[in-house]
K.L.:
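Questions regarding the structure given below will be posed in turn.
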Number of protein chains: 2
Amino acid sequence: MQKAKQPYLRIIPLGGLGEVGRNMMLLEYKRAILIIDVGLRMPEEDMPGIDYIIPNINYLKGRSKDVLGVVFTHGHYDHIGAVPYLIEKIGNPPIFASRLTKGIILRRQEEFPLQPKLEIEEVKDGSKIQLGPFKIEFFKQNHNIPDNLGLFIETPVGNILHTSDFKFDPHPIYDRPTDFRKLNDLARRRILLLMSDSTGAENEGHSFSEKTIMENLEEIFKQAKGRIIAATFASLINRIQQIITLSEKYKRKVVLEGYSMKNYVELAKTLGYLKMEKNTLIKAKEARNFPDSRITILCTGAQGEGSAALMKIANKEHKYIRLRRDDSVILSSSVIPGNERTVQIVKDEILRQKAKVFHYKMMDIHAGGHGQQEELLEMLKIMRPKCFLPIHGQISMLVAHNELAKAAGLSEKNVLLIENGQIIRLFANGISVEKKRAAHYYVMVDGLGIGDIGEVVLRDRQMLAKDGMFVIVAVVDRQTGKVKSSPDIISRGFVYLRESKQLLAETRKKVIAIVNKAAGKGGAVNWAYIKDEIRNKIGQFLYKKTQRRPIILPVVIEV
Amino acid sequence: MQKAKQPYLRIIPLGGLGEVGRNMMLLEYKRAILIIDVGLRMPEEDMPGIDYIIPNINYLKGRSKDVLGVVFTHGHYDHIGAVPYLIEKIGNPPIFASRLTKGIILRRQEEFPLQPKLEIEEVKDGSKIQLGPFKIEFFKQNHNIPDNLGLFIETPVGNILHTSDFKFDPHPIYDRPTDFRKLNDLARRRILLLMSDSTGAENEGHSFSEKTIMENLEEIFKQAKGRIIAATFASLINRIQQIITLSEKYKRKVVLEGYSMKNYVELAKTLGYLKMEKNTLIKAKEARNFPDSRITILCTGAQGEGSAALMKIANKEHKYIRLRRDDSVILSSSVIPGNERTVQIVKDEILRQKAKVFHYKMMDIHAGGHGQQEELLEMLKIMRPKCFLPIHGQISMLVAHNELAKAAGLSEKNVLLIENGQIIRLFANGISVEKKRAAHYYVMVDGLGIGDIGEVVLRDRQMLAKDGMFVIVAVVDRQTGKVKSSPDIISRGFVYLRESKQLLAETRKKVIAIVNKAAGKGGAVNWAYIKDEIRNKIGQFLYKKTQRRPIILPVVIEV
């Protein structure tokens, strides 16, 4: 490239580019590193047992002293959730976050008692901080959680604007609409690079206003005869506010159900981000003192999660709450790809019990928090950046966002399609991509293990899930080389053993024959060979009989 | 109910009511049984290793002599796919199917060489057959596979109309539009019970015409510079016809990729259901003799299935075909719920390689084969049945369909919400539901096993998948009751063993301590107790260390 000796800034996305979730990004100038967000993401279906996927921070190994600090855009787990797993490893640097974001980070940290104390400085709309070569100005952006901040970053090569997750909402609830004058002021200071949220880039038009949603929700409140059971994400503070406000208007008490719902509401209320009257919230037990028409149940489980409150209610496993014919159940969140089946299952179970179901496909009772094509294009047109990097999204979303950037007049060479681990060089007059790529393989969290589950363990889990396992324990007489008594067989997930006695008897016979043939002559015995023989021949035999391939584990014990 | 002594007909759905797939239904009058369809369904996510779910035919046990025959509506696997697993068990009765349906059934049967020869009588639009007390008239219905037949069934209690899967298409491709005069003629003979396809009952409006889709597909053909790679279901014969016709119009040769695609196309072509010129189809190897702009690749894998042709192409694993920048990839099928993630993965991989992607969310390049609310309402209004049973669908679809029936003026008491195994009594003047329910639990196919995988094996598979397994083999001296040498540990899917040496060493120590404490005094030893101790204590120990719960399998060998 032309820019060999010019100064440049490195940008290294460690998560969130090519996927939805685990957002984390580094800005590096000379040795100094600024981190934006430290999020997590849910595992894929082919990762059984995995709790979360977190960013790969190999690039930061041994670099703790270079880390100036972490700035957080907002309090959703895909932006803050990996803090307890990673913050110590990057040297527990200073953190900068808005009031609500700080509260959520600290609350989550309480679940990890061995973690170090965090040093968090509160910032807000208009705050400015200087961290080494970076001057960061925070500005308010609308999303579906309050206290969401975009970042305007002055760097030695030019200005960067990071939108955070955002949408333009002309009529947000209990919040100011987007401050376009402020955005235009920022734009006037010239944006070298715009990094903008791509989650909604495949969706045409404009996202729904929260006002429209409020009106539709109110329609349900007007007509409901029995209880209203509203399920949503605990972190969708704006939606929760709407449900509470409507409940008050229609003289309903609100019962909270689900650990995270109680947790978030309490926190947001304490910090002043949820407004409600003193007596609105009641305990589940107290609900019986009110007629059904005076009760709203606000709960988790809109994705059909097996352990969440709504599924327990639908499955009649909830301690206090059973569905009734006049109940109106609202599923007020969009379905996360991959969860369609579980949502269908919970919907069907509710309908089976004759309650009513309202979901986002039927009415506009949920708006994503992400701007759609019109809004993204508008952001591009306001900022008129020289360079553009779509962030937060699957490849298909990044590609769609880049099409918008080109439509807004950006030069193709300044529009990047970048994935996790790729390293961008930002110059005062353009961008390039390094050939070297930072480590970007998945780091999986499973229980207390962080990154200890690799491809091998995962593949074993998949194989175990598919056809189970089959352990054969043969005790062999060291003197004669012959099998003593009948080999033990232990199997799980393969066949129902009680109904497979003949299969097991034939297998034992074959094992004895294999061992006796190979070892029964006495003398030096190659046990590794015998184990391989058992694995292969018994594997073939079982496949022929069942067309299944359990993992076969031979144990040979010499006595 | 009032109808105690009146004659009645039993209707027993064995699959397809409360789910999408494995459609099968019995009509029983006195002892005589007529079967409609014998389909299969794909397993849920929490059923690892399972190939299919098939109808539970326990109700038919020992009743082979009562089965008059099986009539098939059309050739999709959710209507015919369980034939090889079940037909022998119900006494290999006479089969009645249209020409294409028959061809597909026979072709599939070839994959099961031990199956008996089937006795299939061909029927078509207008055919009439008498089976015991049932007179069946077949009438043509539009769907997305040719040769789809609805059923008009005269029974001793009244007439039943079974719609099969259907949509009303005013402009189908290479097919006649719905014959409304015929439908009205049937209606005039009075319909006691309408059983109608509910798959589209939650979707507003009217399904797209195949003509609209053809126009949108043509737009892609007009603009494509390189190859067109069109992925769809092999059984979507109508869509395949459109792609072939457009390829001929735009002077493209067609390469077929994927086993089932080749299979279906050959069959449909042989039977005259696919029209094409002699030289349109070429082999993959010959494609290199043509410029990219003269090539269409028609393949399987529109759902992102890992083993299908499109995924192989996207993953650079295909023998001949690699993606190129000018390729246009068409995903022409709706996404089956649960497959959203795999479709996203294949889409991203294609875009990563700079090819273009067209999918149904972007353009109307796929129409479901199922009528939506307007069509379903129209069917209800034409037939004006006394009673209504929504079939083929999840509960939420059946409920939505029932709302349409009520809107069409049916009395609430004659509109049924029924699930698999429930038994309906149809009287000349109404319906009731028996209290007794026929067996309806899942019958799962896994390899050669049909119904041998039950809850226990499935739960073991889920547990194995989540945290793996941990086998401990302790050899104990019969004389002293003490452990001889170090216990063997075999583990899969739990931790990466090579990096867990300390954990294993500690575990061995604990096992030795448990055994020696319980058995080391000599005398009578309770081995079951010792195994329980190992399971519990080692389980707790491993959980404390890892927060994972592998299945623990202790083996104690006395020597």
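Letters A, B, ... mirror the listed sequences (proteins, then strands); counts begin at 1. FYI, side chains are in, hydrogens and waters are out, and symmetry mates aren't considered; it's all heavy atoms of this structure.
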K.L.:
Can any side-chain N or O of A:Gln353 pair as donor or acceptor with the backbone N or O of A:Ile350 at less than 3.5 Å?
P.N.:
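No; zero donor-acceptor contacts below 3.5 Å.
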
K.L.:
How about A:Gln373 and A:Asn203: does a side-chain donor come under 3.5 Å of a side-chain acceptor?
P.N.:
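Their side chains do not contain a donor-acceptor pair, so the 3.5 Å distance test is not met.
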
K.L.:
In terms of heavy-atom pairs under 4.5 Å, which option from B:Asp348, B:Asp460, B:Leu553 contacts chain A the most?
P.N.:
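Greatest number of close heavy-atom pairs with chain A: B:Asp348.
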
K.L.:
Is the shortest distance from a Lys or Arg side-chain nitrogen in B:Glu202 or A:Lys347 to a carboxylate oxygen in the other one below 4.0 Å?
P.N.:
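Looking at B:Glu202 and A:Lys347, the cut-off is met.
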
K.L.:
Taking NZ, NE, NH1 and NH2 as the nitrogens, is one of them in A:Asp452 or B:Arg548 under 4.0 Å from a carboxylate oxygen of the other?
P.N.:
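Yes, A:Asp452 and B:Arg548 are salt-bridged.
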
K.L.:
What's the separation between atom CD in B:Glu412 and atom NZ in B:Lys406, rounded to the nearest 0.5 Å?
P.N.:
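If I round to the nearest 0.5 Å, the distance is 4.0 Å.
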
K.L.:
Measuring heavy-atom distances to chain B, does A:Thr546 have an atom under 4.5 Å in its side chain, in its backbone, in both, or in neither?
P.N.:
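Contact with chain B involves the backbone of A:Thr546 alone.
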
K.L.:
Which region of A:Glu419, side chain (C-beta onward) or backbone (N, CA, C, O), has a non-hydrogen atom less than 4.5 Å from a non-hydrogen atom of chain B, or is it both or neither?
P.N.:
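Side chain of A:Glu419 only, per the 4.5 Å heavy-atom cut-off to chain B.
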
K.L.:
May I ask you to name which of A:Gln547, A:Met463, A:Gln394, A:Arg492 has the most heavy-atom pairs under 4.5 Å with chain B?
P.N.:
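Looking at each option in turn, the highest pair count goes to A:Gln394.
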
K.L.:
Considering only heavy atoms and a distance below 4.5 Å, find which of A:Ile490, A:Ile345, A:Ile551 pairs most often with chain B.
P.N.:
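Max contact count across the listed options: A:Ile490.
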
K.L.:
Say you draw a straight line from CD1 of B:Ile489 to CZ of B:Arg508; how long is it, rounded to the nearest 0.5 Å?
P.N.:
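If I round to the nearest 0.5 Å, the distance is 4.5 Å.
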
K.L.:
Select, from A:Met397, A:Lys466, A:Glu44, A:Glu349, the one with the greatest count of heavy-atom pairs under 4.5 Å involving chain B.
P.N.:
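Heavy-atom pairs under 4.5 Å are most numerous for A:Lys466.
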
K.L.:
At a heavy-atom distance under 4.5 Å, which candidate from B:Ser485, B:Pro48, B:Gly447 has the highest pair count against chain A?
P.N.:
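Answer, by heavy-atom pair count under 4.5 Å with chain A: B:Pro48.
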
K.L.:
Under 4.5 Å, counting heavy-atom pairs only, tell me which of B:Asp488, B:Asp446, B:Asn339 racks up the most with chain A.
P.N.:
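Going by pairs under 4.5 Å, I would pick B:Asp446.
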
K.L.:
Select one option (side chain, backbone, both, neither) describing which atoms of A:Lys484 are under 4.5 Å from chain B's heavy atoms.
P.N.:
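Answer is neither: A:Lys484 stays 4.5 Å or more from chain B.
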
K.L.:
Counting only heavy atoms closer than 4.5 Å, note whether A:Phe494 contacts chain B via side chain, backbone, both or neither.
P.N.:
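Just its backbone gets close to chain B.
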
K.L.:
Is it the backbone or the side chain of A:Lys544 that comes under 4.5 Å from a heavy atom of chain B, or both, or neither?
P.N.:
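When you check distances to chain B, only backbone atoms of A:Lys544 fall under 4.5 Å.
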
K.L.:
Does some side-chain heavy atom of A:Phe470 sit less than 4.5 Å from a side-chain heavy atom of A:Leu542?
P.N.:
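Result yes, sub-4.5 Å side-chain heavy-atom pair found.
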
K.L.:
Among A:Gly49, A:Ala465, A:Gly468, which residue forms the greatest number of heavy-atom pairs with chain B at distances under 4.5 Å?
P.N.:
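Counting heavy-atom pairs under 4.5 Å, the top option is A:Ala465.
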
K.L.:
Going from NE2 on A:His392 to CG on A:Leu17, what distance comes out if it is rounded to the nearest 0.5 angstrom?
P.N.:
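Going from NE2 on A:His392 over to CG on A:Leu17, the span is 7.5 Å.
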
K.L.:
Evaluate the ring planes of A:Tyr85 and A:Phe112, with Trp represented by its six-membered ring, and classify them as parallel (under 30°), tilted (30 to 60°) or perpendicular (over 60°).
P.N.:
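Aromatic pair A:Tyr85/A:Phe112 classed perpendicular.
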
K.L.:
Relative to chain A, which of B:Ser500, B:Gly449, B:Gly18, B:Ser396 shows the most heavy atom pairs under 4.5 Å?
P.N.:
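Of the options given, most contacts go to B:Ser396.
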
K.L.:
Who wins among B:Asp467, B:Asp46, B:Leu448 for the most heavy-atom pairs under 4.5 Å with chain A?
P.N.:
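Max contact count across the listed options: B:Leu448.
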
K.L.:
State plainly whether the residues B:Arg341 and A:Glu45 are in salt-bridge range, i.e. N to O under 4.0 Å.
P.N.:
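Salt bridge flag = no for A:Glu45 with B:Arg341.
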
K.L.:
Between B:Gln462, B:Met47, B:Met469, which residue shows the highest count of heavy-atom pairs closer than 4.5 Å to chain A?
P.N.:
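Ranked by heavy-atom pairs under 4.5 Å with chain A, first place is B:Met469.
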
